[in-house]
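Order of appearance sets the numbers: ligands from 1, and atoms from 1 within every ligand.
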Amino acid sequence: MIVMKFGGTSVANFEAITRTIFIIGGKLDQKPVVVVSALSKVTDLLYRISDAAASSDSDLTSQLMQELRTRHVNLASDLLEQSPALKESAVARVNAICDKLESLVNAVCAVGELSDRNKAIIISNGELLSSTIICFAMNAKGIRTNFIDARKMMVTNDEYLKGDPIVEEIEKRVPPIVAEAYKGMDAVITQGFIASNMSGEQTVLGRGGSDYSASLIGMSIDAERIEIWTDVDGVRTADPRTVQNTKYLEKISFEEAAEMAHFGAKVLHPLTIEPAVKKNIPIYVLNSMNPSGKGTAILRNELIEDGVKSVSFKENIKVINIFSMKMINTSGFLRRVFEIFSESKVSVDLISTSEANISVTVDASEKVDAVVAQLSEFAEVIVDEDKSQVSVIGKNIVRLNGMLKKTFAPLKRTNVYMISQGASFVNISFVVDREELTEVVRDLHYHLFEVEEELEQF
Ligand code: ADP
Ligand code: ASP
Ligand code: MG
């Protein structure tokens, strides 16, 4: 069996879904478990619907609900034009999902208050709608496809909006559900991103979580491979939206991919790698708009060469600087500091320490007021905002001769605030002013990946 996950752009509209079904149709002999995201931009739309309802803006809420319904009804009708009976059932199903959502949204709008629990229910409708429509469309194309409700098998803790998967439970539930659904079928389809807690209440895995769903399912069924179909030709040396001359990477290690994703490369959800590593399942990142391309293989460490692979970045972070003379030689100081971060559930990215100072970076979206207040009880705390974090990633780069020089040489005129070398030798990260980010990333990419190629051409 294989897992094939299709992201928002791969299921954005009639053309994209037609292409996607064609790709799936070519792999039926490998028994695909298809995992889909919401149509492109639909999860954003659902967030806007939640916000509008929470602020009791009923005009905006119903206007956005209409937009959601029309887009999906039209898509179902277009895809099933040739199969009137299926078209009727699909449109009825889409309308039923939208009706149910609309009554919840209207209730939220009436009270003007939105719990995380209800928000999770609202934002999971994107995946429910897309998977329903694509399931009908696959059947219409002659691929006998069964629908699996991911909420029956993907189980998380009670964090409604960023559920932490309960791996043992998922591993127990997925195989029999998939096996049962596969009986007499050519394929099965389910939703990424959505899950439920142990009491059956709905949760989601957090933004971009469909990759993580695919990987958890792959792990549970011992898949031969996990394919992540997206809108780029595999993993590249940097985000092609920021850097022009990025290069394609034929293969990278699990560890490199995990670090790239963790340090900002949006191409994979940061936790995607973990379940695959557990069972040593290769992940392929492929382009649904160019299906004959080879994509990038993400494989175990031993199969990958040393060397720099990519420049990743996080555009908006905060640096929290903690100063305390008392820190010198007091055991337990660091523990106390990190306990405070952990109790407030603020996740820390980079850390650097000196005798009397610790600096840590956190994502700009983290709420740090409570942490700062507690730290200020025993230390001086300064928070720097509008900073960006840049990471150079590659197997053993920290040990490679001249890598530090190569990394910092292009930054002569840039203020660098904090430098951190990963203990696993895979990354060198540093912090710069947000306004300088684009230039820094482009310069660095040029020096690491483009200049030698230019010289070779002489
Ligand atoms: P999907 O909807 O398929 O999950 P995403 O938008 O989440 O797609 O991820 C794909 C995007 O990731 C690409 O369009 C690209 O802009 C971005 N990206 C960031 N870093 C990289 C990288 N190093 N290599 C390839 N793509 C990257
Ligand atoms: N639809 C969800 C999101 O936009 C999950 C995903 O696409 O991976 O965040
Ligand atoms: Mg994604």
Side-chain angles (χ1 to χ4, degrees), residues 4-13 16 19-20 23 35-48 50 68 119-120 122-131 150 154 161-163 190-195 203-216 226-250 252 256-272 283-290 293 295-296 298 308-315 390-394 441 444-445 448-449:
M4 302 177 83
K5 177 260 170 178
F6 292 88
T9 42
S10 304
V11 296
N13 49 33
R19 245 188 335 254
T20 286
I23 295 170
V35 177
V36 290
S37 293
L39 312 187
S40 178
K41 305 274 184 291
V42 163
T43 309
D44 294 338
L45 176 59
L46 290 163
Y47 269 91
R48 283 194 283 143
S50 322
L68 180 85
K119 191 165 181 174
I122 295 174
I123 60 179
S124 36
N125 279 278
E127 272 70 12
L128 287 175
L129 286 163
S130 66
S131 57
M154 304 304 283
L161 298 174
K162 208 174 178 197
T190 190
Q191 309 78 37
F193 183 56
I194 75 175
T203 62
V204 294
L205 299 183
R207 292 310 305 262
S210 294
D211 302 328
Y212 193 19
S213 304
S215 175
L216 287 161
I226 296 162
E227 298 182 349
I228 305 288
W229 289 86
T230 181
D231 60 354
V232 271
D233 279 324
V235 180
R236 308 188 68 86
T237 47
D239 187 341
R241 279 181 232 181
T242 302
V243 179
Q244 235 178 18
N245 297 316
T246 60
K247 311 232 163 348
Y248 152 76
L249 295 162
E250 194 176 331
I252 55 175
E256 287 171 333
E259 297 265 326
M260 283 172 74
H262 184 72
F263 288 103
K266 197 194 159 206
V267 64
L268 287 175
H269 182 279
L271 297 172
T272 311
I283 300 178
Y284 290 82
V285 177
L286 298 147
N287 187 351
S288 67
M289 280 170 277
N290 176 24
T296 299
I298 304 174
V308 58
K309 305 290 163 44
S310 103
V311 179
S312 295
F313 56 86
K314 281 193 169 178
E315 198 208 328
V390 181
S391 305
V392 177
I393 290 159
V441 170
L444 196 52
H445 188 275
L448 292 171
F449 297 102

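Within the structure, ligand 2 lacks G192 among the residues with a heavy atom less than 4.0 angstrom away. Under a 4.0 angstrom heavy-atom cut-off, G208 registers as being in contact with ligand 2. Not a single heavy atom of S310 sits less than 4.0 Å from an atom of ligand 1.
Contact annotation: for P240 versus ligand 1, heavy atoms closer than 4.0 Å belong to the side chain alone. The parts of D239 lying near ligand 1 are both backbone and side chain, judged by heavy-atom distances below 4.0 Å.
Here atom 1 (N) of ligand 2 lies nearest to E127 when heavy atoms of H269, E127, R207 are compared. Here the shortest heavy-atom distance to atom 13 (C) of ligand 1, taken over V267, T230, D231, belongs to D231. In this comparison of R207, R241, K266, K5, the heavy atom closest to atom 4 (O) of ligand 1 sits on K5.
Of all atoms in ligand 1, numbered sequentially from 1 with element shown, those under 4.0 Å from a heavy atom of G234 are 25 (C). Those atoms of ligand 2 with a heavy atom of S37 less than 4.0 angstrom away are 6 (C), 7 (O), 8 (O). Applying the 4.0 Å criterion to heavy atoms of A265 picks out, from ligand 1, the atoms 20 (N). If you number the atoms of ligand 1 from 1 as listed, the ones under 4.0 Å from a heavy atom of M260 come out as 23 (N). Taking a cut-off of under 4.0 Å to the non-hydrogen atoms of V235, the atoms of ligand 1 that pass are 24 (N).
Looking at atom 6 (C) of ligand 2, its nearest protein heavy atom turns out to be S210 OG, 3.3 Å.
Under the 3.5 Å distance criterion, with hydrogens and angles disregarded, a donor-acceptor pair is assigned to the side chains of H445 and T237.
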